[in-house]
Structures are given as structure tokens and as C-alpha cells.
Asks: 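Pasting a structure here, questions to come.
Each ligand, and each atom within it, is numbered from 1 in the order the structure gives.
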Amino acid sequence: MIDVKELTAKINELAEGMRPTTVMEVCGTHTHAIMKYGIRQLLPRNIRLVSGPGCPVCVTSQADIARALTVASRKNVIFMCFGDMMRVPCGKKSLLSLRDSGADVRIADSPMAALRVARENPSRDVIWYGVGFETTAPATAAAADAALQTGVRNFSILSAHKTMPAALRALLGKGSRVDALLCPGHVATIIGSDAFRFVADELKKPAVIAGFGAQEILAALAIITAMIKKGEVRCVNAYPTAVTVSGNEAAMKLLLRVFEPCDAQWRGLGVIPESGLALKGEYKALDAAARFDLFENIQVPDDDRGCICAAVLRGDAEPENCPNFGVACTPATPLGPCMVSGEGACAAAYAYSGSRV
Ligand code: SF4
């Protein structure tokens, strides 16, 4: 593979005289790698890299978090989630603060671990908080299937799962200032490279699926730059070692057996039609929102602390544009989800710049 120096020189050479171009990455791991390797600083001034809604914790709406807090504080409930959801603030509360005040909120490394807890505690209601894109949703689907097959009646799922293509359609459609897309490598391993062809075919923007090393990201950016320069629009799989045309068919089959698309609210992007995953058919019996009546009368606090996560997630602002960045808001004192999650753009910017620069 060509080394970083050569790739940087190639991009700079290709970009000479090119119109200003904005490239969006929509994967939290890409965001971290880009910050870690200083890739923005290697690019010419006319190529701007912006982060999009690639962090699943960050895009989870206030309403979805309020629902989680409501049900987690009920008696007899064991509420289980990935660790990075614990500190996401919602008004003055979080799952962590609920746990500190006595609620039974537990961290699990997988939905199957939550199902095990349900089996061990048959007199308690165990709820798994399903958050994430196509990368984590199949594991939730597997737990739902196992619960149904084995008759674990005290297990349910609060689904805030989302799908990436629908969000990209909304974000990169008419009026978007994004010129090209660095497609998320992890999601692509599940849904396949073909699932991103619409970015080129319908939205008329170059799209390149990239791996996560400095060379892999720069190689993908070199392909994008060459396409922009030549006026070409294609979807290219530059991560063929992990991504196939059709992705992980077994995982997708399971996901589609258990879930169906539903409208979903995204932080920063509003409600996007068919961009969420709701339990379907016989699996609806495991829906925590229906079982615990979480549709009505949920108090959703305003986000009034000057957090601009919504603009960061749309690619309209950089973390450093936020007056709280590195001052009132740090990983130790996060005011918004983009600083809480390890995949968040603010956490990445803080980790690699150290503070406001
Ligand atoms: S720095 Fe903190 S307050 Fe500002 S946008 Fe990021 S998470 Fe929100």
C-alpha cells in the first residue's frame, strides 16, 4: 500500500485548482482515527472533512433517553445497556444518576448478557436498551429470537436502533453542502457495499467505503479527490478485505426477521421516515415501549445548556465552535452526548487536541 506521505502528496496534487469540497465521515471510529492521525491537518485547504451522525449514542434523541429514564426508574425493573449510554445527560438526570439514587441500572456487554440476567431473575422485568446501527442491531435481534424461542417472558427490548442509509438519504439530499461521503466501514460489513450505491446513483455524490488506518482513510480520500477532479460520481469499496457486495447476509436475515423499519427521531436531524427499527410480528410481544406504556406522557427536558451537539451531528459545526468545549464540557463533565461517547466527535476532538485550541 502507498504510504501516508505519498498519499498526502497525491491528494494535495489532485486538489490543486479544485473547487472547495466538503467530505463527510459518518462513523465514530473514522472520526477518532481522523483526529488521532491528524488527517485534517494533512489535507489541502480546499478539502474540508466534517463529522456526521455516526455515533449511535450521540444520535439517540432526548425523547428516547427520557423513555429509558422513565422505565428504568420503575420498581421491579432491571434496566440494562451498553456502558456509554450511562452518562448521557437528559435534563438533570442520566442512567448513572438514576443508579446512584437506587434504580437497578446495569451495564452489559451484549443483549445476550441481559437475557441471561432475565433468566436468573424470573420475578423481575429485565429490559435491554437497544441502541446502535446495523452493527449492533443483529445482536439485539438474536437475543429477541432466543427469548421468544425459550419463553423468557420477563425480558423485553426498548429499541432505539437506527439504520444508516435512511439517515444519509435525509442528510445528503437536496440542499446538502456535503460533496462526498466517506462511508462507514463497520456498517458496510453488515449491509454490504451495494447498500451505499444510492449515494452515487441517486444523490449524485461520490462515496467511498473506507477502513480505519491512516493509509486506508487517506487512500479513500485520494479516490474521492480524483473523482471530484474528474467530475466522476461512483460508489467505491476501498475496504474489500472486510466489506463484500452484499454484506453479512445471515446477520441481515436475522435483523429483518425480528425488526421492521419505523420512523425514528434523531438528535440533530429530527424525525427521519423509516430510519428506525421496531420489533415486528411475534417479536412485538417483547417491545418494552408497549409493555410499559412509554408512548404517552413522557417528560422530555429541553437541552438548555448551550450544547450544540445537534449542529455537530449535521456537520454544521465543529466541536471547537461550542463555547462549552474543553471549558464547562469535558469527558469528566460532559454536557452533551458527543462528549460522553467514546465515538462522539467532541470526545475525539478533546482527546486529540487536549482542550480548546
Ligand atoms: S462540547 Fe459538549 S456542550 Fe459542546 S457540543 Fe460538544 S457535547 Fe455539547
Asks: Below 2.8 Å, can you find an N, O or S atom of Cys329 next to atom 2 (Fe) of ligand 1?
Replies: yes

Asks: Looking only at protein heavy atoms, which one is nearest to atom 4 (Fe) of ligand 1, and how far off is it?
Replies: Cys322 SG, 2.3 Å

Asks: Would you please determine whether Cys309 falls within less than 4.0 Å of ligand 1 on a heavy-atom basis?
Replies: yes

Asks: Around atom 8 (Fe) of ligand 1, find the nearest protein heavy atom and jot down its residue, atom name and distance.
Replies: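 Heavy-atom neighbour on the protein nearest atom 8 (Fe) of ligand 1: Cys307 SG, 2.4 Å.
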
Asks: In ligand 1, which numbered atoms sit nearer than 4.0 Å to a non-hydrogen atom of Met339?
Replies: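 Numbered from 1, ligand 1 contributes 7 (S).
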
Asks: Check this for me: does any side-chain nitrogen of one of Lys229 and Glu16 sit under 4.0 Å from a carboxylate oxygen of the other?
Replies: no

Asks: Could Asp179 and Arg48 be called an ion pair, given the rule that one side-chain N must be under 4.0 Å from one carboxylate O?
Replies: no

Asks: So does Arg119 have more than 12 non-hydrogen atoms from other groups sitting under 6.0 Å from CZ?
Replies: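 Check passes, neighbour count above 12.
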
Asks: Name the residue from Tyr129, Phe259, Trp128, Tyr283 that meets the side-chain contact (heavy atoms from CB on, under 4.5 Å) definition with Ser159.
Replies: Phe259

Asks: Would you say the ring centers of Phe212 and His32 fall short of 6.0 Å from each other?
Replies: no

Asks: I'd like to check which ligand 1 atoms, numbered from 1 as shown, lie under 4.0 Å from a non-hydrogen atom of Gly336.
Replies: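 It comes down to these atoms of ligand 1: 7 (S).
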
Asks: What protein heavy atom is closest to atom 6 (Fe) of ligand 1, reported as residue, atom name and distance in Å?
Replies: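 So the nearest neighbour among protein heavy atoms is Cys346 SG, 2.4 Å.
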
Asks: Hey, which atoms in ligand 1 end up nearer than 4.0 Å to a heavy atom of Asn324?
Replies: 3 (S)

Asks: Strictly below 4.0 Å, N to O, side chains only: are Asp145 and Arg257 in salt-bridge contact?
Replies: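 Arg257 and Asp145: salt-bridged.
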
